[in-house]
Amino acid sequence: MAMSQTYGPADEAESIATINRALDSGISLLDTADIYGQGHNEQLVGRAVAGRRDQVVIATKFGFVAGGGGRRLAGEPSYVNAACEASLKRLGTEYIDLYLQHRVDPATPVEETVGAMADLVAAGKVRHIGLSEASAEQITRAHAVHPLTAVQNEWSLWTRDHESNGVLAAMRELGIGFIAFSPLGRGFLTGALNGPDNLAPADMRRTNPRFQAGNFAKNLELVDHLRELAAHKGCSVAQLALAWVLARGEDVVPIPGTKKLKNLEANIAADAIELNDDDLAALDDSFPLHVAAGARYPGKSE
Ligand SMILES: NC(=O)c1ccc[n+]([C@@H]2O[C@H](COP(=O)([O-])OP(=O)(O)OC[C@H]3O[C@@H](n4cnc5c(N)ncnc54)[C@H](OP(=O)(O)O)[C@@H]3O)[C@@H](O)[C@H]2O)c1
């Protein structure tokens, strides 16, 4: 995502090199969306994986429609078909491994949208389907129309809502994989950020409640806990945050975002960190539900 938008400028050559290094290192899942950079990100992924398509699981998403200076949600079957065709073209591929509805469209019953997604599976254009930022009820209703392979929701040490709001329980009951987005807390849980003023002018975190001055300072105290345990474990703060998500279960796949080769290498190394019961208990103590100061997104209550 951030190779095309959200967290300030990106270097295209380093982005492509980073994607290829990820694949060389055995990472196979690449997550994108049609709205990321308004098509730019899918084109970038398509260029990066050209010639090695069979080594990659491409997840892409539809459902946000940009226009008129804002964006709206869409989920009607004709839109789903058109969006899929456009994504296939931008990605330069004949099939999408995992096609996700980015947000359920309140104006279209999820059953209708998933019905259209199931038709794409039957046509061979899509291999697996899922939802993103979905509730337990939406997941259950969608899964009854066509099995969902994965759901992509936010999960990290400072966003643990799905452990107790029924989403994780429903997914485990139905056998659906959890793709954890923003597992590094949009960069906050790396310890690399020290204040909102140091973010690039176009960085969207400037408008994110958790990154506003007062909340930023409170949330930095959370990073201090991580710093202490990371020092004890001999790893970095980011690696510890990622190791915690990796330890959630075999059915949980974190998708940390980075546009930098050096951060990619560091994140890969998090896979080797073993957290014991004492480590996990210490993290539970420091990161209870709703510990973060500020909502996840502007306009949200939590
Ligand atoms: N479905 C949805 O609605 C949704 C929403 C948000 C995100 N996502 C998906 O989830 C992916 C990841 O989420 P995200 O990018 O929002 O958040 P994230 O993975 O939690 O954090 C990314 C931030 O952390 C920094 N970072 C990464 N590794 C680092 C390291 N080792 N040391 C220091 N800093 C590091 C990155 O900067 P550098 O680039 O400089 O390394 C970037 O600013 C996105 O690419 C997107 O595919 C989905």
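Just follow the structure's listing: the first ligand is 1, and inside any ligand the first atom is 1. When reading the values below, keep in mind they use all heavy atoms of this one structure, side chains included, and skip hydrogens, waters and symmetry mates.
The protein non-hydrogen atom at the shortest distance from atom 40 (O) of ligand 1 is Lys260 NZ, 2.5 Å.
Polar contact with ligand 1: absent for Ala238 (N/O pair, distance under 3.5 Å). Here's the thing with Lys259: one of its N/O atoms is less than 3.5 angstrom from an N/O atom of ligand 1. Considering both main-chain and side-chain atoms, Gly257 comes within under 3.5 Å of ligand 1 through a nitrogen or oxygen pair. Ligand 1 has no N or O atom lying under 3.5 Å from any N or O atom of Ala2, backbone or side chain. The shortest N or O to N or O distance between Ala266 and ligand 1 is not under 3.5 Å.
Listed by number with element, the atoms of ligand 1 under 4.0 angstrom from any heavy atom of Lys61 are 1 (N). Each of the atoms 5 (C) of ligand 1 lies under 4.0 Å from some heavy atom of Tyr297. Taking every non-hydrogen atom of Arg186 and a distance limit under 4.0 Å, the qualifying atoms of ligand 1 come out as 16 (O), 17 (O), 18 (P), 20 (O), 21 (O), 23 (C). Each of the following atoms of ligand 1 lies closer than 4.0 Å to a heavy atom of Pro183: 19 (O), 20 (O). Remark: ligand 1 atoms within the under-4.0 Å shell around heavy atoms of Asp31 are 9 (C), 46 (C), 47 (O). Every atom of ligand 1 with a heavy atom of Leu184 under 4.0 Å away is listed here by number and element: 18 (P), 20 (O), 21 (O), 27 (C), 28 (N). The ligand atoms of ligand 1 that sit less than 4.0 angstrom from a heavy atom of Pro256 are 19 (O).
Here the straight-line distance linking atom CD1 of Ile19 with atom CG of Leu44 works out to 4.5 Å at 0.5 Å rounding.
Distances shorter than 4.0 angstrom occur between a heavy atom of Arg205 and an atom of ligand 1. For the pair Phe188 and ligand 1, no heavy-atom separation below 4.0 Å is found. Distances from ligand 1 to the non-hydrogen atoms of Glu133 include no value under 4.0 Å. Using a 4.0 Å heavy-atom cutoff, Arg103 is listed among the residues neighbouring ligand 1. The closest approach between a heavy atom of Met3 and any atom of ligand 1 is not below 4.0 Å. At a 4.0 Å cut-off, not a single heavy atom of Lys262 sits close enough to ligand 1 to count as contact. Using a 4.0 angstrom heavy-atom cutoff, Phe64 does not count as in contact with ligand 1.
In Ser132, the part holding a heavy atom less than 4.0 Å from any atom of ligand 1 is the side chain. With a 4.0 Å heavy-atom cut-off, ligand 1 is reached by the side chain of Asn267 but not by its N, CA, C or O. Neither the backbone nor the side chain of Gln239 has a heavy atom within less than 4.0 Å of ligand 1. Here Thr190 has side-chain heavy atoms under 4.0 Å from ligand 1, and that is the only part of it that gets that close.
Checked by atom type, the side-chain pair Asn198/Asn194 shows a donor-acceptor distance below 3.5 Å.
Aromatic ring centres of Trp158 and Phe287 lie farther apart than the 6.0 Å criterion allows. Taking the six-membered ring wherever Trp is involved, the centroid distance between the rings of His128 and Tyr95 does not fall below 6.0 Å.
Side chain of Arg90 to backbone of Gln43: no donor-acceptor contact under 3.5 angstrom is found.
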